[in-house]
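Below is one structure, written out as structure tokens, with a few remarks after it.
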Amino acid sequence: MPVLASIEPLVWESDFFGIRSGIVRFSDSAAALSVAQLAAFERVQAKVPAARSDLLDGLQQLGFQLVEGDVDLVLPVNGTDASDDPGLAVAQESDISSLRQQAATVFAQSRFRAPWYPPDASGKFYAQWIENAVRGQYDHECLVARAPDGGISGFVSLRQLNEQEARIGLLAGRGIGASLMLAARLWCEKRAIGTLRVATQVGNTAALRRYIQSGATIESTAYWLYR
């Protein structure tokens with residue numbers, strides 16, 4: 001079955017990884033995706049709703065391979081009790097070095113892993129993501145939990161999508177996930193945002209448990225495929 005789609009160049013990722021990259025954009029009004037179109041890129045990504053077996057089959061016939069599953073969750077944040085504020089601080093530029101090191105370690109295995117990308121690509125990608133969040137680029141803010149010695153024991157980055165919704169970008173901190181989630185909800189409350197979104201890998205059961213225990217529900221699932 002033909003896959004009706006176009007390919008959108010991924011300019012930032014192409015520059016960052018040094019791999020000419022694009023992403024499949026599905027549309028019933030598009031022409032059938034061809035091998036010639038795909039050959040113009042070194043790496044083509046596709047995110048396919050889990051229920052669309054027709055797209056999965058069509059992409060596999062074009063040479064795509066499964067990389068990982070993805071879960072999107074949604075969490076209502078109204079009514080969060082400010083008296084429970086865990087007291088996270090807004091990250092400063094002086095925190096960037098430590099945050100980069102932590103993000104590179106925690107997110108060393110992601111869909112940017114080998115053999116699709118160089119062995120250290122995933123760590124570098126997420127290190128840059130958290131630095132950008134501190135600087136208010138893409139994500140709007142990064143909150144950090146400070147350990148008694150002044151170090152960073154955890155962090156969460158957040159981006160306001162519109163007047164009603166926000167999304168967690170990165171979240172990491174062993175044993176303090178509940179505090180990080182509460183801080184994210186309070187961040188939304190202060191901005192009159194009623195819905196918080198977050199995504200994680202299907203195989204990251206620890207993150208899934210934390211989000212669900214914090215009140216999130218699964219909204220959708222999808223698969224990432226690469227060619």
Side-chain angles (χ1 to χ4, degrees), residues 10-18 68 70-73 75 77 80 84-114 116-161 165-191 193 196-201 203-211 213-214 216:
L10 293 171
V11 178
W12 188 91
E13 287 187 20
S14 297
D15 292 341
F16 185 80
F17 293 119
E68 71 176 30
D70 195 70
V71 182
D72 276 292
L73 302 99
L75 170 68
V77 297
T80 307
D84 294 328
D85 191 340
L88 271 65
V90 176
Q92 304 300 311
E93 289 201 9
S94 58
D95 296 317
I96 287 175
S97 177
S98 177
L99 286 167
R100 283 185 63 94
Q101 291 177 14
Q102 291 189 40
T105 301
V106 173
F107 303 107
Q109 288 296 317
S110 74
R111 65 184 181 89
F112 298 110
R113 66 182 185 276
W116 305 102
Y117 294 88
D120 60 349
S122 184
K124 286 183 176 179
F125 178 84
Y126 288 102
Q128 189 61 54
W129 183 329
I130 202 64
E131 176 176 342
N132 289 353
V134 175
R135 300 185 188 280
Q137 300 168 5
Y138 190 66
D139 286 349
H140 293 126
E141 204 159 63
C142 176
L143 306 178
V144 294
R146 300 200 184 277
D149 63 1
I152 295 172
S153 57
F155 59 86
V156 57
S157 68
L158 294 139
R159 173 164 54 106
Q160 184 167 348
L161 302 174
E165 299 177 312
R167 177 174 287 279
I168 290 174
L170 301 180
L171 183 148
R174 186 177 297 276
I176 60 168
S179 294
L180 295 172
M181 287 298 294
L182 177 56
R185 292 173 64 183
L186 288 170
W187 188 89
C188 292
E189 282 274 312
K190 292 175 183 176
R191 292 159 178 78
I193 296 170
L196 179 61
R197 298 183 174 277
V198 65
T200 192
Q201 297 162 301
N204 192 344
T205 54
L208 282 170
R209 282 196 299 268
R210 166 42 51 207
Y211 299 145
Q213 288 171 0
S214 295

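Computation of the quantities below employed the complete heavy-atom set of this structure, encompassing side-chain atoms and omitting hydrogens, waters and symmetry-equivalent molecules. Computed from a predicted structure; not experimentally measured.
With contacts defined as side-chain heavy-atom distances shorter than 4.5 Å, the pair Lys124/Tyr117 does not qualify. A heavy-atom distance below 4.5 Å is not found between the side chains of Gln102 and Asp95. Using a 4.5 Å heavy-atom threshold, the side chains of Leu99 and Val134 count as touching.
Atoms CG and OG1, from Asp72 and Thr200 in turn, are 10.0 Å apart once rounded to the nearest 0.5 Å. Rounded to the nearest 0.5 Å, atoms CD1 (Ile130) and CG (Asp139) are 7.0 Å apart. Separation of atoms OG (Ser179) and CG (Asp84) is listed at 10.0 Å; rounding is to 0.5 Å. Here CG of Leu75 is found 7.5 Å from CD1 of Ile168. Values are rounded to the nearest 0.5 Å. Note that CG of Leu186 is 9.5 Å distant from CG of Leu88, once rounded to the nearest 0.5 Å. Going from atom CZ of Arg191 over to atom NE2 of His140 covers 10.0 Å, rounded to the nearest 0.5 Å.
Looking at Gln160 and Arg167, their side chains never bring a donor and an acceptor atom within 3.5 Å of each other.
Here the side chain of Ser153 pairs a donor or acceptor atom with the backbone of Ala145 at under 3.5 angstrom. Arg185 places no side-chain N or O within 3.5 Å of a backbone atom of Met181 that could act as its donor or acceptor partner.
Between Phe16 and Trp12, the ring-plane angle classifies as parallel under the 30° and 60° cut-offs. Aromatic ring pairs are classed by plane angle as parallel below 30°, tilted from 30° to 60° and perpendicular above 60°; the pair Tyr126 and Phe107 is tilted.
Ser122 approaches Ser110 most closely through the heavy-atom pair OG-OG, 2.7 Å. Closest heavy-atom contact between Ala121 and Phe112: CB-O, 3.7 Å. The nearest pair of heavy atoms linking Ala184 to Leu196 is CB-CD2, 3.9 Å. The nearest pair of heavy atoms linking Arg146 to Ala89 is NE-CB, 4.3 Å. Residues Val106 and Ala172 share a closest heavy-atom pair of CG1-CB, 3.9 Å.
Evaluated for a side-chain contact (heavy atoms from CB on, under 4.5 Å) with Val144, the options Leu180, Ile152, Val156 yield exactly one hit, Ile152.
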Open item on the list: Checking Glu141 against Leu158 for the side chain to side chain contact (heavy atoms under 4.5 Å, CB included) test, could you report, in this order, the C-alpha distance in whole Å, the side-chain angles of both residues, the deciding distance, and whether it holds?
Closed with: CA-CA 6 Å; Glu141 204 159 63; Leu158 294 139; 5.5 Å; no
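Contact check on Arg111 versus Glu68 returns no salt bridge, with no Lys/Arg side-chain nitrogen under 4.0 Å from an Asp/Glu carboxylate oxygen.
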